[in-house]
Amino acid sequence: MEQSMGSGRLIKAPESFLSQDGIKTVFAEGKKGRRDFIRNAFAAAAAGAAVPAALAQGNPVPTEGGDPNILNLPEHSKGLGQGVALNDGYGKPSKYESNVQRRVSPGLTQTTQASVSFAPLQSLFGIVTPSGLHFERHHQGWWDIDPSKHRLMVNGMVKTAKVFTLDEIMRLPSVSRFHFMECGANTAVEWGNVAVPTVQYTHGMLSCSEFTGVPLITLLELAGADLTNGKFVLAEGADGSSMTRTIPMSLIKSGEVFVAYGQNGEMLRPEQGYPLRLVVPGIQGVSWVKYLRRLEVGDKPYATKDEANHYIDLMPDGQHRQYSGLQECKSVVTTPSGGQVLLDKGFYNVTGLAWSGKGRIKKVDVSMDGGRNWRTARLEGPVQNKALTRFNIDWVWDGKPAIIQSRAMDETGFVQPTYQQLRGVRGTRSIYHNNAIQSWLVQENGEVKNVQIS
Ligand SMILES: Nc1nc2c(c(=O)[nH]1)N[C@H]1C(S)=C(S)[C@@H](COP(=O)(O)O)O[C@H]1N2
Ligand SMILES: [Mo]
């Protein structure tokens, strides 16, 4: 059960250590091992006193004993290890990490084939999503396109329509930047209070990578685009969905939008749009057109099919809000989160992610009592523009029920709303763009549950 939910570390059956033989045994060992680890780590550090007060309070020094396992010399300390890990020329994670996977949500109905996979946020550290764990959203399946045959055309209000090969694009001046990408449908099931169990399913249509490519403005300039009367660019993908989205010229002129071929130091993965995709920082995933094949310069929004029926918000007055693609300030605690189980009372590093489509994260507050009291978390630097920001905060769990929440603020002063505030503006019929504060209930038995409080 926990295993298939992939709830990450700190759990009853620590998935990362799961072996074929019984979960129970592994659990018992894992539990003891972790407690001892923390206590002994404290004992070792006590003399130096470089330990946060909360850690000292949460983990009293053990009066006696130690872990005899440190004296047992394992095989790997005595023998010759394996030769280089070529694995067909490409390295792989440890076999003990095999439960860290993309997953298909139990909260979504499947049609002919799965079209969304969620990133295991509960198992990730820092801000980068490993490419093999990046979430996926395909409107008409994914392809592994031959880069030598792929072409990108720039046309419309340009002096000369231009067709670029990938080689030509890769000769141009490039940029590499970290940005988050979030599907406008991320956290959608939570609107209806249909609580899915883990953060993977509540928030896992979110990923962050270092992308490499050529600023879109460079390609427009090469084609002699009319940058005065041209107010919008239509981006079109080469898959069967013919994904087409309107990108405002103001964003493109800021230099932030680029045509990417690289992701996390290598070429894009096929499921992420290999060999070319648009990167539109701060804007919902659907505008990040994959398998990018055409950019048309025009003087008005294109109102394509994808813009008329996907990722629009039904407002309380019955009107649809369109072109609402900016992903507003949001955050979520990833540990402890739904499906995890706290092993014992005492010290925990509470950690999570914050992001804003408007720029940098300025501050994240964390509450352990359902929003009555807030403390400010530590932000892991460098805090980057329209990228994920990792936050951490010390917590000593007293063993009583607790409701953990995080509330982010961005550099514009925008504060992440509660459900009550969000519903006040958006009503109850929205599907997309849910950036409300998430709540995790820690129960007395240590189990963490997804709950919704206004
Ligand atoms: N060509 C094309 N581009 C596309 C899509 C698609 O189906 N086809 N899906 C869009 C949506 S809705 C999202 S959320 C992101 C998902 O990108 P990913 O699969 O790399 O996570 O790509 C967008 N770009
Ligand atoms: Mo999406």
Side-chain angles (χ1 to χ4, degrees), residues 82-95 97-98 100-103 116-121 123-138 141-152 164-183 204-216 218-219 235 237-239 243 255-281 283 285 287-293 353 355 382 384-390:
Q82 303 176 59
V84 288
L86 281 180
N87 296 321
D88 295 326
Y90 203 101
K92 291 195 187 100
S94 161
K95 66 183 176 193
E97 300 298 322
S98 64
V100 179
Q101 299 174 0
R102 289 170 173 152
R103 286 187 176 81
V116 186
S117 71
F118 292 75
L121 302 181
S123 303
L124 304 183
F125 315 117
I127 62 164
V128 172
T129 313
S131 298
L133 297 173
H134 192 288
F135 85 94
E136 298 163 87
R137 173 74 179 99
H138 313 301
W142 63 272
W143 296 89
D144 196 355
I145 294 174
D146 180 345
S148 69
K149 303 213 172 94
H150 189 73
R151 297 291 182 272
L152 172 64
F164 295 90
T165 64
L166 192 66
D167 287 340
E168 285 164 353
I169 288 174
M170 291 179 76
R171 287 172 64 175
L172 299 173
S174 70
V175 294
S176 291
R177 293 180 192 141
F178 289 87
H179 289 300
F180 76 83
M181 174 180 16
E182 183 181 22
C183 177
M205 290 170 89
L206 168 76
S207 293
C208 183
S209 302
E210 185 193 45
F211 291 99
T212 298
V214 177
L216 177 46
T218 305
L219 298 179
D239 54 332
M243 177 58 66
E256 286 198 353
V257 180
F258 60 102
V259 172
Y261 43 80
Q263 180 181 6
N264 297 331
E266 58 185 1
M267 289 298 284
L268 289 165
R269 294 289 171 90
E271 58 273 39
Q272 260 71 58
Y274 180 87
L276 274 185
R277 93 172 301 164
L278 202 59
V279 169
V280 195
I283 305 298
S287 291
W288 298 47
V289 174
K290 301 190 274 192
Y291 319 110
L292 185 69
R293 74 157 166 211
L353 295 164
W355 62 101
Q384 301 180 76
N385 178 41
K386 301 172 189 174
L388 293 186
T389 295
R390 170 69 60 179

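Residue numbers start at 1 and run along the sequence shown. Just so it is clear, the values below take in all heavy atoms, side chains as well, and ignore hydrogens, waters and symmetry mates.
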Taking only residues two or more places apart in sequence, or in another chain, which ones meet [X] in a side-chain contact (heavy atoms from CB on, under 4.5 Å)?
X: V128; value: F178, N264
X: E136; value: R102, S117, H138, W142, E271, Q272
X: N87; value: A85, K92
X: S94; value: Y96, E97

By side chain to side chain donor-acceptor pair (under 3.5 Å) - contacts of [X] (at least two apart):
X: R277; result: none
X: Q263; result: S209
X: R293; result: E236

By salt bridge (charged side-chain N to carboxylate O under 4.0 Å, His left out), which residues pair with [X], not counting sequence neighbours?
X: R137; value: none
X: D144; value: none
X: K290; value: none

Is a donor on one side and an acceptor on the other found under 3.5 Å between the side chain of S176 and the backbone of T212?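 No; zero donor-acceptor contacts below 3.5 Å.
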Okay, side chain of Y291, backbone of P270: is any donor-acceptor separation there less than 3.5 Å? yes
Separation between [atom1] of [X] and [atom2] of [Y], rounded to the nearest 0.5 Å:
X: I127; Y: F125; atom1: CD1; atom2: CZ; result: 15.0 Å
X: Q101; Y: L133; atom1: CD; atom2: CG; result: 9.0 Å
X: F180; Y: N385; atom1: CZ; atom2: CG; result: 9.5 Å
X: K386; Y: E256; atom1: NZ; atom2: CD; result: 3.5 Å
X: F135; Y: L206; atom1: CZ; atom2: CG; result: 7.5 Å
X: M181; Y: L388; atom1: CE; atom2: CG; result: 11.0 Å

Distance-minimising heavy-atom pair for [X] and [Y]:
X: V279; Y: A260; value: CG2-CB, 3.6 Å
X: S207; Y: T129; value: CA-OG1, 3.3 Å
X: V100; Y: P120; value: CG1-CG, 3.9 Å
X: H150; Y: A238; value: CE1-CB, 4.2 Å
X: L292; Y: A235; value: CD1-CB, 3.9 Å
X: L124; Y: P130; value: CD2-CD, 4.0 Å

Is there a side chain to side chain contact (heavy atoms under 4.5 Å, CB included) between V214 and Y261 once you walk through the steps? CA-CA 9 Å; V214 177; Y261 43 80; 4.3 Å; yes
Would you mind reporting whether S131 and E266 have side-chain heavy atoms less than 4.5 Å apart?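 Counting from C-beta outward, E266 and S131 do come under 4.5 Å.
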So do S287 and L278 actually touch side chain to side chain, heavy atoms under 4.5 Å? no
F211: which residues meet the ring pair (Phe, Tyr, Trp, His ring centres under 6.0 Å) condition with it, sequence neighbours left out?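 For F211 the ring pair (Phe, Tyr, Trp, His ring centres under 6.0 Å) partners, ignoring immediate neighbours, are W288.
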Just distance, no hydrogens or angles: give the donor-acceptor pairs under 3.5 Å from side chains in residues 165-175, sequence neighbours left out.
from: T165; atom 1: OG1; to: E168; atom 2: N; distance (Å): 3.1
from: E168; atom 1: OE1; to: T165; atom 2: N; distance (Å): 2.9

Decide side chain to side chain contact (heavy atoms under 4.5 Å, CB included) for L219 and L152; before the verdict, give the C-alpha distance in whole Å, the side-chain angles of both, and the deciding distance to 0.1 Å. CA-CA 10 Å; L219 298 179; L152 172 64; 3.8 Å; yes
